[in-house]
*Asks:* 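The structure follows.
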Amino acid sequence: LLDALADQAALAVERVNLVADVEKARLDAETDRLRSALLTSISHDLKTPLASIMGAAGTLRDFSASIAPEARADLLSTIEEEGERLNRFIANLLDMTRLESGAVAPNAALYDVGEIVGSAMRRAQAILRHHKVEIELAADLPMLLVDPVLFEQALFNLLDNAAKYAPEGSRVRLEGWSDGDQVTLRLLDEGPGIPEGDVERVFDKFYRVRKGDQVRAGTGLGLAIARGFLEAMGGTITVSRRPERSGAVFTIRMPVPVGAPQLEALS
Ligand code: ADP
């Protein structure tokens with residue numbers, strides 16, 4: 001009986017090993033596939049703006065004598081804008097690399113949320129100039145233990161998306177309040193919103209909802225970075241659809257540090 005049991009056990013172990021081998025091979029293949037999809041996506045995101053820059057520079061060189069001043073200004077703007085796009089993409093990649101290598105050690109101290117929101121809004125002013133921006137922050141927001149650089153970057157990525165995906169002229173609204181234990185910031189836009197099935201996946205890196213989004217400058221990294229930074233500071237970020245109309249609602253929740261002073265009390 002013991003021999004029979006030992007045989008059975010050996011057989012079971014063999015079977016488990018076989019399943020593990022098959023699973024490992026599947027995972028390796030999946031990793032290879034992801035890696036090459038990633039390289040294709042990165043190459044595409046680098047090549048498109050570079051092609052515009054090279055094209056504009058070539059035109060300026062070959063036709064420098066005959067180009068009208070307005071056309072020259074347009075070509076120079078193209079070079080500048082596409083250069084800026086490359087800059088943002090590379091900054092995103094670096095943020096992502098920092099996150100993945102675990103090198104994001106938040107340099108946290110007590111900060112006024114309103115001030116960080118204000119500075120993110122100032123940075124986003126140019127890209128949101130065609131939207132109606134509303135900000136409503138409660139007066140009694142407590143100080144938060146955050147790294148202002150990371151927090152502002154997370155907010156900026158959300159504002160950048162609102163500017164990119166919500167139509168010009170639509171409202172972009174930022175609300176903030178505290179319920180004692182946590183501060184909630186909510187960003188609402190009137191764009192197409194995020195389909196129900198994608199509310200988790202949009203925070204994956206390189207995930208983009210609509211194929212059509214390819215025409216918009218984007219890397220699929222902004223939300224992954226926002227979530228990574230906020231979680232590194234003890235916060236969370238989720239997205240949902242606006243029940244009453246179209247649009248996305250991003251909700252950030254940050255813990256209120258014990259004994260954090262309220263701004264009113266400070267001033
Ligand atoms: P990117 O905008 O560079 O593609 P993100 O990680 O910031 O990357 O966003 C991932 C995807 O989520 C976007 O490609 C877009 O499809 C969708 N998305 C993000 N924000 C919004 C928004 N405010 N409204 C609609 N779709 C959005």
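Atoms within each ligand, like the ligands themselves, are counted from 1 in listed order.
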*Asks:* Examine the proximity of ligand 1 to Phe203 and report which part, side chain or backbone, both or neither, has a heavy atom under 4.0 Å away.
*Replies:* neither

*Asks:* Under 4.0 Å from any heavy atom of Val209, which atoms of ligand 1 are there?
*Replies:* 12 (O), 14 (O), 16 (O), 17 (C)

*Asks:* Step by step, would you call Thr236 with Leu230 a side-chain contact (heavy atoms from CB on, under 4.5 Å)?
*Replies:* CA-CA 6 Å; Thr236 60; Leu230 292 166; over 6 Å; no

*Asks:* Using side chain to side chain contact (heavy atoms under 4.5 Å, CB included) as the criterion, point out the one residue from Thr78, Ile79, Leu86 that pairs with Ser52.
*Replies:* Thr78

*Asks:* Does a salt bridge link Arg201 with Asp204, judged by any charged N lying under 4.0 Å from a carboxylate O?
*Replies:* no

*Asks:* Are the charged groups of Glu175 and Arg173 less than 4.0 angstrom apart, N to O?
*Replies:* yes

*Asks:* N/O of Asp189 under 3.5 Å from N/O of ligand 1, yes or no?
*Replies:* yes

*Asks:* State whether Glu152 and Arg123 are salt-bridged, where the test is any N-O pair (Lys NZ or Arg NE/NH1/NH2 against Asp/Glu carboxylate O) under 4.0 Å.
*Replies:* yes

*Asks:* Determine, using heavy atoms of Gly191 and all atoms of ligand 1, whether some pair is separated by less than 4.0 Å.
*Replies:* no

*Asks:* For atom 12 (O) of ligand 1, which candidate among Leu158, Leu188, Val202 holds the nearest heavy atom?
*Replies:* Val202

*Asks:* Could you tell me, atom by atom, which parts of ligand 1 come under 4.0 Å of a heavy atom of Leu221?
*Replies:* 6 (O), 8 (O)

*Asks:* With heavy-atom distances below 4.0 Å as the criterion, list the atoms of ligand 1 near Tyr207.
*Replies:* 10 (C), 11 (C)

*Asks:* With heavy atoms only and a cut-off of under 4.0 Å, state how Ile194 meets ligand 1: side chain, backbone, both or neither.
*Replies:* side chain

*Asks:* Report yes or no: does Lys164 have a heavy atom closer than 4.0 Å to ligand 1?
*Replies:* yes

*Asks:* Does Asp189 reach the main-chain N or O of Ala162 with its side chain, forming a donor-acceptor pair under 3.5 Å?
*Replies:* no

*Asks:* Return yes or no for this condition: an N or O of Phe250 is under 3.5 Å from an N or O of ligand 1.
*Replies:* no

*Asks:* Against heavy atoms of Gly222, which atoms of ligand 1 measure under 4.0 Å?
*Replies:* 5 (P), 6 (O), 7 (O), 8 (O)

*Asks:* Evaluate the salt bridge (Lys or Arg N to Asp or Glu O under 4.0 Å) criterion for residues Arg171 and Glu134: first the C-alpha distance (whole Å), next the side-chain angles of each, then the deciding distance (0.1 Å), finally the verdict.
*Replies:* CA-CA 7 Å; Arg171 243 191 309 243; Glu134 295 171 4; 3.7 Å; yes

*Asks:* Does any part of the side chain of Ile67, heavy atoms only, come nearer than 4.5 Å to the side chain of Leu75, both counted from C-beta?
*Replies:* yes

*Asks:* Any salt bridge linking Arg227 with Glu200? Criterion: basic side-chain nitrogen under 4.0 Å from a carboxylate oxygen.
*Replies:* yes

*Asks:* Does Ala248, backbone or side chain, put an N or O under 3.5 Å from an N or O of ligand 1?
*Replies:* no

*Asks:* I'd like the name of whichever of Ser246, Gly220, Ala224 reaches closest to atom 1 (P) of ligand 1 through any heavy atom.
*Replies:* Gly220

